[in-house]
2 protein chains.
Amino acid sequence: MSAPRAAGEAVDNPRRPTLTQVAELAGVSLKTASRALNDEPNVAEATGARVRQAADLLGYRLNGIARELRRGATSALVGLVSGDLANPFYSAVASGIERELRQHGLQLVTANTDEDAELERALVEAFLERRVRALLVVPSGDRHEYLAIEGNRGVPFVFLDRPPDGLEADAVLIDNAGGARAAGEHLLSHGHRRIALVADLARMAPQRGRLDGFVQAMDAAGNDQWRPYLRTDVHDVHRAEETVRELLTRDPPPTALFTTNNRLTTGALRALRGHPAAPALIGFDDFDLADVIGTTVVAHDPVAMGREAARLAHRRISGFGGPAQTVIIPTEVVARGSGERAPA
Amino acid sequence: MSAPRAAGEAVDNPRRPTLTQVAELAGVSLKTASRALNDEPNVAEATGARVRQAADLLGYRLNGIARELRRGATSALVGLVSGDLANPFYSAVASGIERELRQHGLQLVTANTDEDAELERALVEAFLERRVRALLVVPSGDRHEYLAIEGNRGVPFVFLDRPPDGLEADAVLIDNAGGARAAGEHLLSHGHRRIALVADLARMAPQRGRLDGFVQAMDAAGNDQWRPYLRTDVHDVHRAEETVRELLTRDPPPTALFTTNNRLTTGALRALRGHPAAPALIGFDDFDLADVIGTTVVAHDPVAMGREAARLAHRRISGFGGPAQTVIIPTEVVARGSGERAPA
DNA sequence: CTGAAAGCGCTAACAT
DNA sequence: ATGTTAGCGCTTTCAG
């Protein structure tokens, strides 16, 4: 005898049994079967057992779609639209969201935009058609007005990492400026003046915040020797590596580096590998093994970020109608060696 | 004038407009409105325009739930039930799945089990009630018979990383034994005999495969000096770190280490940090910055794994009824230094 | 080209 | 304790 198969289903797919069929087999009415299977009161012990037996026999499974339609066309799904789940930052956020939602019986549905604003919009539309209860977005596009109508019609939005532009909505943001300022001050306090800043796309709000914070620290210290070493719009690991290599050939070279996200830090680490007199380095975003490599970072808690976003969403779902809230996730400089190297 | 708000939706949620209302406003029948909005043929230019205008005015959005119910109670959703999305291995797999599904207009829904077999079962049930088109599972529990009925009723299953037990179903697995054998041979060829093996829960199939492959390599070389250094059921980073520290205090100590997944490798790297005469190290699973740290690994492609799984699922959804297939993802030893250190 | 009627599978409201 | 009727919002016949 062979094992039951899950593979060849397409061959014999005689449509799933419905509640009506269960009721017929059990010799009761549709509604009684419904009551029995939903553990509602007012079902005789024996009747309930008969219904459950019939359901088992038929391999019946409740049709959640029909139920949702009848109950008001709103699912237990919460959508997350983000740039790239393969980035550990986003996946940590997603896992924080998922865990918190589950506490409330909600389910996370994810979609990647690959940082494409048009795809983002299409995915948002798709989620709304699916009647998600709330929508969490790490926006790539810059204008979000198109979401406003939705918000007014019962689908709460929560923005993550980047603030909403063009509408009021809940958001969970990182203290970008504060973290970057702290990084700048940290390097200054270790004697650095020629500090290179390697940043991602400057049009993104978090990157702007980090740039601003860094500049504040420099201005406050009356240092402007960093300016020749500013490099923005470096968007991938490879470009980051090249950029850092180029910076090191300058004369004089920078004595320190500040990279404004985990991808750029990875690129910098590659460029610095085996370098005899590596400049000091601080990276924004903590990462696995930073302790092993000894990389000083501006750390924050992405799982907490997801959790807070899920909480905001849940509050709205539960009927909270107050003004939009913004939660700021704090940052902290974690010294591990690379950021404490003195200027050469 | 203030920005449109997305926050206070709960206050005024007058139920979403329906197609009937759009039709009324446009002065056409329900069906005509449906045709116009779905770009079906046989709609006069002017009529279509009027309908679309009415829809915009009302802020109408199609109710995907009603559509799905009518079209056969099956969604465009594909479920993924996995252990822990925060683990970069799983999130890479998820991103491979997501990308491939999107090619076919399918949407990924994810849920984490935290490696809990009961939660896994509950989540699978929940997905089935939601009428997912296919279900991808990285199973934590060991018996999967309970899925068999579903498989016969039109919901294809694909198992990832761990083979199905108790039913026939498509699967995508890593060449665990082959990779581990290659790692063993690699260390042997560099002169190692006292090789420590640090493994995760031995009841998990991938771990067993890796153990077996390693043992095969040792047996083939007639080496059994590794046996005193076998440590299994090491399940988290912290325990891995402790275990490696303990191993290093043995007399004589092992001259090489093989860690059988990314978590254990991380723990080993922490234990080895700053060690004057670190043993050679090979880790199963590649990871970010392994190149920077110089860690030799048994690499494989988790994104490809996700992609293959999504392809199998899509084939089944499209009606393929052949026997269950298993795709094996190949592995490769990537030498980066740590695995090539000679015995002390 | 347009419309009327039926019904997907379920639950809510109202009998009995 | 059980049954009957209606209808969620849409698409699918089948007629005009």
Side-chain angles (χ1 to χ4, degrees), chain A residues 13-52 54-55 58-76 126 128-133 153-154, chain B residues 13-52 54-55 58-76 126 128-133 153-154:
Chain A
N13 182 356
R15 196 172 210 101
R16 305 208 53 126
T18 75
L19 192 52
T20 311
Q21 295 172 39
V22 174
E24 262 168 28
L25 183 61
V28 297
S29 83
L30 174 63
K31 181 60 208 179
T32 302
S34 169
R35 275 196 267 259
L37 263 25
N38 286 306
D39 293 316
E40 281 173 38
N42 292 336
V43 178
E45 187 68 25
T47 316
R50 219 164 59 243
V51 170
R52 269 184 291 276
L58 261 41
Y60 170 78
R61 184 162 323 255
L62 179 105
N63 187 330
I65 295 175
R67 163 182 277 181
E68 275 167 19
L69 179 58
R70 183 61 248 242
R71 297 233 262 226
T74 179
S75 68
L128 292 171
E129 286 195 356
R130 246 172 222 122
R131 295 297 198 266
V132 290
R133 288 286 276 281
R153 296 207 177 260
Chain B
N13 181 356
R15 199 175 208 98
R16 306 208 51 126
T18 75
L19 191 52
T20 311
Q21 296 173 38
V22 173
E24 261 169 29
L25 183 60
V28 298
S29 83
L30 173 63
K31 180 58 208 177
T32 302
S34 169
R35 274 197 266 260
L37 263 25
N38 286 306
D39 294 315
E40 282 173 38
N42 292 337
V43 178
E45 186 68 25
T47 316
R50 218 164 61 244
V51 171
R52 268 184 293 275
L58 260 43
Y60 170 79
R61 183 160 327 253
L62 178 107
N63 186 330
I65 295 176
R67 163 182 278 183
E68 275 166 18
L69 178 58
R70 183 63 247 240
R71 296 234 262 225
T74 180
S75 68
L128 292 171
E129 286 196 356
R130 284 231 157 79
R131 294 297 198 267
V132 291
R133 288 287 277 280
R153 297 209 177 258

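First the proteins, then the strands, lettered A, B, ... as listed; each starts at 1. Below, each value reflects all heavy atoms present in this structure, side chains not excepted, and no hydrogens, waters or symmetry copies.
Taking atom CG on A:Asn38 and atom P on C:dG9, their separation rounds to 17 Å, with Å as the unit. In this structure, B:Leu30 atom CG and C:dA6 atom P are separated by 14 Å, rounded to whole Å. In this structure, CG of A:Leu37 is placed 14 Å from P of D:dT2, rounded to the nearest angstrom. Rounded to whole Å, atom P of D:dT11 lies 12 Å from atom CG of B:Asp39. Going from atom CG of A:Asn42 over to atom P of C:dT11 covers 16 Å, rounded to whole Å. Put simply, CD on A:Glu129 is 13 Å from C1' on D:dG9, counting in whole angstrom units. If you measure from atom CG of A:Leu69 to atom P of D:dG7, you get 14 Å, rounded to the nearest angstrom. The distance from atom CZ of A:Arg16 to atom C1' of C:dG9 is 13 Å, rounded to the nearest whole Å.
Here the CZ atom belonging to B:Arg16 is positioned 11.0 Å from the CD atom belonging to B:Gln21, to the nearest 0.5 angstrom. With values rounded to the nearest 0.5 angstrom, B:Glu24 atom CD is found 10.5 Å from B:Leu19 atom CG.
Side-chain atoms of A:Ser29 lie closest to D:dT4 of the nucleotides C:dG3, D:dT4, C:dG9. Closest contact between the side chain of B:Thr32 and the listed nucleotides C:dC10, D:dT4, C:dG3 involves C:dG3. Of the candidates D:dG3, C:dC10, C:dG3, C:dC10 carries the atom nearest the A:Leu19 side chain, counting heavy atoms from C-beta on. Set against D:dC8, C:dG3, D:dC10, the side chain of B:Arg35 has C:dG3 as its closest nucleotide. Side-chain atoms of A:Lys31 lie closest to C:dA13 of the nucleotides C:dA13, C:dC10, C:dT2.
Between B:Leu37 and B:Arg52 the shortest side-chain heavy-atom distance falls below 4.5 Å. Taking the side chain as every heavy atom from C-beta outward, A:Val28 and A:Arg35 never approach each other to under 4.5 Å. Using a 4.5 Å cut-off on side-chain heavy atoms (C-beta onward), A:Ser34 and A:Leu30 make no contact.
Residue contacts shown for A:Leu62 are limited to sugar-phosphate atoms, with no base heavy atom under 4.0 Å away.
For the pair B:Ser34 and D:dT11, the criterion of a side-chain N or O lying under 4.0 Å from OP1 or OP2 is met.
The residue among B:Thr47 and B:Ala66 whose nearest nucleotide of DNA chain C lies closer to the 5′ end is B:Thr47.
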